[in-house]
Structures are given as structure tokens and as C-alpha cells.
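When reading the values below, keep in mind they use all heavy atoms of this one structure, side chains included, and skip hydrogens, waters and symmetry mates.
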Amino acid sequence: MRVPNLLAQVLIAGATCLASASCKRAPATPASPPSTPTVRVFVVSNLAGALEPCGCVKDMLGGIDHAAAFVQSRRDSASSSILLASGPTLFMDTALKSDQRAQSLWKAEAIAASLADAKLTAWTPGANDWAAGAVELARLNKSTGAALVAANLGGQSVGAQRFKIVEAQGHKIGIVGVSVPLEAGGTPTGVELGDARAALEEAKNELEAQGVRIRIAMVAMPRGDAMRMIDSVSGYQLVVVGKAVDRGDVNDAPTPPALVGETLVVQTPNHLQGIAVVDLFVRAGETRFKDGSGLARAEKRDTLRRRLEELERLLLSAEKPGSTVRAEDLEARRKDRDAVKREIDQLGVAEPPPEGSFFRYELELVREGLGADAAVSARLKSYYKRVNDHNRTAFADRKPAPVAAGKSGYLGVDKCVTCHGEEHKSWKSTPHSRAYAPLVRDEKQFNLDCVGCHVTGYDKPGGSTVTHVEGLTDIQCEICHGPASRHAESPNDKTLILRSPPKSLCASECHHPPHVGKDWSVEQAWPRILGRGHGR
């Protein structure tokens with residue numbers, strides 16, 4: 001047999017290598033991470049009747065028109081997207097005040113229609129959502145255009161579905177909801193409460209049987225209970241936590257995302273202060289998602305961003321004319337701000353895992369800078385006008401209670417100026433003297449959510465009401481010094497007027513969350529209301 005020449009040997013060796021399972025291959029070049037998510041999930045927890053913030057502080061968090069604009073702006077950069085809401089959504093409290101029923105229902109209508117504009121996919125209710133009764137909830141839910149999902153509820157659950165299935169780039173996504181809408185130990189009238197954990201398990205098994213491999217749970221219950229339940233139920237890639245119930249207009253701080261096993265758990269701050277964005281990148285059909293955000297890094301970035309916002313608010317206040325902040329303190333704050341900016345930049349962006357599917361998470365704070373959706377903005381204006389026109393007539397006969405014998409009533413600043421000219425000049429230089437005009441400008445002067453903080457003696461004997469404000473518009477002298485009718489009659493009797501009010505009055509009457517910025521303090525604000533003849 002002739003010995004093969006060198007070329008033949010090489011060819012034979014190459015063929016043998018290709019045919020052999022033991023032949024070593026050169027390492028494959030890692031696939032570049034996808035730039036477009038397979039599905040983008042927008043998340044809102046505990047909207048709780050918050051149409052927009054009151055506007056008492058510059059650039060407050062919230063506003064459904066800004067949120068809708070943000071969602072729309074980020075939709076186009078994803079292959080597909082869904083919007084989910086968990087927890088109390090339509091109403092701020094679990095019961096409506098009798099005199100505010102019409103106004104509260106109209107606000108809920110505006111919220112529902114605006115969520116429809118933002119293409120809400122599904123939502124899971126909290127106890128607040130039954131505030132107007134099951135019939136109204138069913139009507140409002142229809143306006144959202146979305147699926148109400150609550151697998152563990154029966155009775156007057158207004159036709160809530162156990163789950164909803166949507167398609168995204170050829171992938172089926174199952175959205176399951178469970179709710180524990182307990183208020184004072186009971187459920188809303190007619191609502192039957194089933195076991196939430198069992199409902200999650202049963203829905204997961206049914207979705208698996210239908211070939212749904214991406215599963216999202218929306219949970220409206222106390223966070224501690226939710227986390228324990230999630231720890232015992234596997235098979236959900238994403239869980240959105242909302243409250244069982246919310247109360248009043250106080251804002252919650254952000255809650256960082258968490259990983260429970262392979263499940264990402266997210267919860268946004270209430271009253272639409274922020275929207276979470278969860279991007280799911282599916283590679284090779286894999287539906288176990290690795291952390292592509294570096295959640296520890298993301299949490300630190302969120303903390304730094306909040307610190308940066310706080311410093312920028314402090315600087316904005318400190319740089320105003322007439323500020324009492326020392327120049328060296330101002331410079332120190334600027335250096336702190338710059339240092340925080342550098343630290344944020346140094347964090348960089350987490351690299352996604354080289355192989356397998358992964359998720360990315362971010363929390364976007366809802367501010368004016370996000371823009372405003374035109375349709376939603378128009379709806380807000382229409383809502384405020386509707387309320388104004390209604391309340392102007394509905395409360396036309398509501399007059400203040402009479403003044404009891406031996407007590408003082410309210411006179412108004414025009415009576416005070418006769419003897420207190422210097423004090424009046426000082427007051428005229430403050431925002432307190434211009435508090436009512438913004439309500440008139442925005443057609444909110446008869447809005448029961450607004451007027452009480454912009455007039456003097458509201459709902460007090462001998463004071464003002466929503467429609468009877470003549471002589472008592474703005475934050476006048478008698479807010480701080482008390483009603484002055486007897487003082488005017490006997491000016492030498494110093495016991496009939498509060499000469500120097502306690503500083504605590506500011507916070508107890510008006511300047512309390514969410515109507516103040518984080519940097520507000522009575523010590524800083526106090527000098528701004530003082531002037532010649534007025535405490536200085």
C-alpha cells in the first residue's frame with residue numbers, strides 16, 4: 001500500500017476530526033445580547049385614585065397624563081408590551097364621603113378611561129375598588145378595556161377572570177391575579193374570598209397544561225404575606241405586588257425589587273409616583289430568566305437618584321433670592337450633588353448574561369419632564385371643569401356653621417389691614433397671599449379635594465365653605481392667629497387673639513405629606529413669612 005502524500009493526510013485528518021464527537025472545536029463567539037426585549041412589562045402598584053398630584057410643590061411625583069406619555073414613548077422600542085396594575089386602583093379610600101360621591105366617581109371614570117388610553121392589559125383590585133359598590137366597579141372595569149383578574153374571588157367579584165393569556169412574539173404569557181381585599185376584617189359586600197395560594201397553584205397548573213410557559217402573578221395583599229406565599233409557590237417568572245387596601249393621600253417610598261428563587265418580585269410606590277419597567281429577553285425559547293440588571297446595582301442607583309433629586313431640590317430652594325443659606329453651605333451642597341452624579345455614572349450598566357434568557361428592571365419616577373399624553377390631559381381638564389360646574393351649584397347653599405356664643409368668627413384680611421398695615425405688607429409679599437388664584441385659573445376653586453387648603457376658616461364656624469369664600473380667599477392672618485371678630489371689638493384684650501402661633505401649626509394645618517417637598521422644614525420656611533412689624 002502506498003503511503004498517502006501530505007495533502008491526503010491533511011484531508012483525511014480533517015474529515016476524521018469532523019466526524020469524531022471527541023474532536024475539539026474552537027470556542028464559539030458568544031452571541032451579542034439582544035437589544036430589543038421580547039416583551040416589555042409596564043407595572044403600576046396601588047394607583048389608589050391618584051389622578052395627579054396636588055401641585056403644591058414644584059414637579060411633584062405623579063400624574064396619569066405623564067405616566068401615559070411615558071408608556072407610549074417606551075412601547076415602540078420593544079417587540080411587544082403589556083401594562084399591568086395591582087392593588088387599589090380607582091379610589092383613594094375604601095368608602096366614599098356622601099358629599100363627594102359624584103366627584104369621586106367622575107375621577108374614577110377619568111382614571112379608567114386614561115388606563116384604557118395607555119392600553120391597560122389586566123389588573124387585580126384591592127378593597128378600595130369596591131368603594132362605590134360592585135355595580136359601579138363593573139361599569140368602571142368595562143371602561144378600562146382590560147381584564148380584571150382575581151382567581152381566588154367569587155360572589156360580587158364583578159366577573160373577575162382567573163387569568164388572562166396574551167401572545168408576545170409567538171410566546172404565550174399567562175397573567176394570574178389573586179386579591180385579599182380585607183378591610184376591618186371583612187371583604188367588600190358580597191365578595192367571597194378563597195385561598196390565594198391554592199388559586200395561584202391551580203392557575204399555574206392549568207396554564208402549564210395549555211402550553212403557557214411565561215407566567216406573571218399579580219398579588220393584592222400585605223407584602224409580608226405576599227412574600228411568604230411567593231416563597232412557597234414556584235413557576236412564576238414575575239410577581240407584581242400591590243396592597244390589599246390603601247388609605248388617604250400619603251405617598252409611600254419606593255420598594256426595591258427582589259429575587260425569590262427564580263421569581264422577580266416588583267412593587268411600585270403608590271399614587272403613580274413611579275412605573276416599573278421589566279424587559280424580558282427570550283433566547284432560544286428558554287423561559288427561565290437570569291438577572292440582567294444586577295439588582296444590587298439597580299437598588300444602589302435608585303438610592304443615589306433619590307439622593308440627587310433631594311440635593312437638587314435643596315439647591316433650588318437655597319439659590320432663591322432672600323435665602324438664608326450660607327455661601328459655604330451652598331457650595332458644600334453643590335459638591336455633594338456633583339459627587340453623587342459621578343457615583344451614578346461610575347455604576348455603569350450591568351452586562352447581560354452571555355447565554356440564556358434574562359430580564360432587566362428599572363423604575364421610572366413619574367414627573368412633568370416625561371411629557372403629557374394629549375388625550376389624557378384633555379380628559380383631566382374636562383374632569384375638573386365638570387366637577388367645578390357641578391359643585392358650584394350643588395353646594396351653593398352650604399354655608400358655614402354659626403359662631404357659638406362667646407366665640408370668635410372670621411373677619412378676613414381687609415378688616416385686619418386697618419390696624420395692621422405693616423403686617424399686611426409683609427403678608428402680601430408671601431405666596432400665602434396668592435394661594436386662591438391658581439385654583440381659579442385651573443377651574444378647581446369648587447373642587448372638594450383642593451379648596452380647603454387655599455382659603456381661610458374652611459368648614460369652621462363663621463368661616464368659609466366650598467362656595468362661600470368672600471373675603472376669605474388665600475391663606476390669611478386668621479389661619480395663624482385665629483378668628484378675630486372679638487379681637488376687633490376689644491383690641492386691647494390680648495387674650496382674644498393668638499399673637500405668636502406655634503411653629504407646629506404649619507405642619508398640622510397645611511404643610512404635611514404629600515403637600516410638602518422632602519427638603520421642607522418649618523425652620524427654613526418660618527423666616528419667609530416674617531417681615532417688618534410681623535415678627536421681625
Measure the spacing between CG of Leu272 and CG of Leu365 and express it to the nearest 0.5 Å. 11.0 Å

CG/Leu411 to CD/Gln476 distance, rounded to the nearest 0.5 angstrom? 10.0 Å

Are Arg486 and Ser408 close enough that a side-chain donor and a side-chain acceptor fall under 3.5 Å? yes

Please confirm whether the backbone N or O of His390 pairs with a side-chain atom of Thr393, one donor and one acceptor, at under 3.5 Å? no

Shortest non-hydrogen pair, Pro181 vs Leu153, comes out as CD-CD2, 4.0 Å

Would you please name every residue forming a side chain to side chain donor-acceptor pair (under 3.5 Å) with Lys415, sequence neighbours left out? none

Which residue pairs satisfy the salt bridge (Lys or Arg N to Asp or Glu O under 4.0 Å) criterion with at least one member in residues 120-131, sequence neighbours excluded? none

Within the side chain of Asp246, is there an N or O that forms a donor-acceptor pair under 3.5 Å with the backbone of Ala48? no

Per-pair distances, 0.1 Å, donor-acceptor, side chain in residues 436-446, under 3.5 Å, sequence neighbours excluded:
| residue | atom | partner | partner atom | Å |
| --- | --- | --- | --- | --- |
| Lys444 | NZ | Glu52 | OE2 | 3.2 |
| Gln445 | OE1 | Asn388 | ND2 | 2.9 |

May I ask you to decide if Gly248's main-chain N or O and Asp93's side chain share a donor-acceptor pair within less than 3.5 Å? yes

Begin with the C-alpha distance, continue with both residues' side-chain angles, and end with the deciding distance and a verdict on side-chain contact (heavy atoms from CB on, under 4.5 Å) for Leu84 and Phe42. CA-CA 6 Å; Leu84 306 176; Phe42 298 101; over 6 Å; no

Got Leu61 and Arg367 here, is their nearest side-chain heavy-atom distance under 4.5 Å? yes

Answer whether the closest heavy-atom distance between the side chains of Glu422 and His534 falls below 4.5 Å. no

Enclosure of Lys503 NZ (heavy-atom neighbours >12, cutoff 6.0 Å): yes

Determine, for Arg305 against Glu364, whether the closest basic-nitrogen to carboxylate-oxygen distance falls under 4.0 angstrom. no

How far apart are the C-alpha atoms of Val43 and Ile275, what are their side-chain angles, what is the distance that settles it, and do they pass the side-chain contact (heavy atoms from CB on, under 4.5 Å) test? CA-CA 6 Å; Val43 172; Ile275 295 179; 5.8 Å; no

Would a distance-only check, ignoring hydrogens and angles, find a side-chain to backbone donor-acceptor pair under 3.5 Å from His66 to Gly371? yes

Contacts of Arg307 that satisfy side chain to side chain donor-acceptor pair (under 3.5 Å) - sequence neighbours left out: none

Heavy-atom closest pair, residues Pro483 and Gly409: CB-O, 3.3 Å

If you compare all heavy atoms of Ser86 against all heavy atoms of Val219, which two are closest, and at what distance to 0.1 Å? OG-O, 3.2 Å

Given 3.5 Å as the limit, does a donor-acceptor pair link the side chain of Ser382 with the main chain of Ala378, or not? no

side-chain hydrogen bond (donor to acceptor under 3.5 Å, both in side chains) between Asp449 and Gln103, intermediate numbers included: CA-CA 9 Å; Asp449 290 338; Gln103 179 173 322; 3.3 Å; yes

Restricting to salt bridge (Lys or Arg N to Asp or Glu O under 4.0 Å), what partner residues turn up for Arg386, sequence neighbours left out? Glu109

Can you list the residues that meet the ring-ring contact (aromatic ring centres under 6.0 Å, His included) rule with His424, with sequence neighbours excluded? Trp427

Worked verdict on His454 versus Val451 for side-chain contact (heavy atoms from CB on, under 4.5 Å): CA-CA 5 Å; His454 295 256; Val451 65; 5.6 Å; no

Would you indicate whether the side-chain heavy atoms of Val522 and Cys506 approach each other to under 4.5 Å? yes

Quick one: do Arg337 and Glu310 make a salt bridge, cutoff under 4.0 Å? no

Keeping the roles fixed (side chain from Thr268, backbone from Ser45), state whether a donor-acceptor pair exists under 3.5 Å. yes

Please determine whether side-chain contact (heavy atoms from CB on, under 4.5 Å) holds for the pair Leu83 and Arg75, giving the CA-CA distance in whole Å, both sets of side-chain angles, and the decisive distance to 0.1 Å. CA-CA 10 Å; Leu83 170 61; Arg75 265 209 173 92; 4.3 Å; yes

Side chain proximity check, Ile529 to Ser426, heavy atoms < 4.5 angstrom: no

Would the distance check show the side chain of Ser179 and the main-chain N or O of Pro125 forming a donor-acceptor pair, the cut-off being under 3.5 Å? yes

Restricting to side chain to side chain donor-acceptor pair (under 3.5 Å), what partner residues turn up for Asp99, sequence neighbours left out? Arg398

dist Lys164:NZ -> Ile175:CD1 (nearest 0.5 Å) comes out at 7.0 Å

Taking the side chain as everything from C-beta on, heavy atoms only, tell me whether Arg333 gets closer than 4.5 Å to Val325. yes

Judged by modelled atom types alone, do Ser77 and Arg40 share a side-chain donor-acceptor pair under 3.5 Å? yes

Test salt bridge (Lys or Arg N to Asp or Glu O under 4.0 Å) applied to Arg162 - qualifying residues, sequence neighbours left out: Glu206

Would you indicate whether the side-chain heavy atoms of Val266 and Val241 approach each other to under 4.5 Å? no

Short question: side chain of Arg101, backbone of Lys97 - any donor-acceptor pair under 3.5 Å? no

Would you mind reporting whether His468 and Ser464 have side-chain heavy atoms less than 4.5 Å apart? no

Could you grab the distance from atom CG of Leu90 to atom CH2 of Trp130, nearest 0.5 Å is fine? 10.5 Å

Mind jotting down which residue pairs meet the salt bridge (Lys or Arg N to Asp or Glu O under 4.0 Å) criterion with at least one end in residues 462-482? Sequence neighbours excluded, please. none

About how many Å separate CG of Leu51 and CG of Asp65, when rounded to the nearest 0.5 Å? 8.0 Å

For Ala134 and Gln156, which heavy atoms make the closest approach, and how far apart are they? CB-OE1, 3.4 Å

Which pairs of donor and acceptor atoms, one on a side chain in residues 186-193, lie under 3.5 Å apart (sequence neighbours left out)?
| residue | atom | partner | partner atom | Å |
| --- | --- | --- | --- | --- |
| Thr187 | OG1 | Val191 | O | 2.9 |

State, with a plain yes or no, whether a side-chain heavy atom of Val166 is found less than 4.5 Å away from one of Val39. no

Say you draw a straight line from CD1 of Ile475 to SG of Cys453; how long is it, rounded to the nearest 0.5 Å? 7.0 Å

Distance-only side-chain donor-acceptor flag, Ser114 / Arg379, under 3.5 Å: yes

Can you sort out the partners of His420 under ring-ring contact (aromatic ring centres under 6.0 Å, His included), two or more places apart, ordered by chain and number? none

Minimum heavy-atom distance between Cys480 and Leu505, given as atom pair plus value: CA-CD2, 3.5 Å

Donor-acceptor pair, Thr473 side chain versus Gly471 backbone, under 3.5 Å? no

Over all atoms of both residues, closest heavy-atom pair of Ser104 and Phe91: O-CE2, 3.7 Å

List the residues meeting side chain to side chain donor-acceptor pair (under 3.5 Å) with Gln273, not counting sequence neighbours, and say none if there are none. Asn270

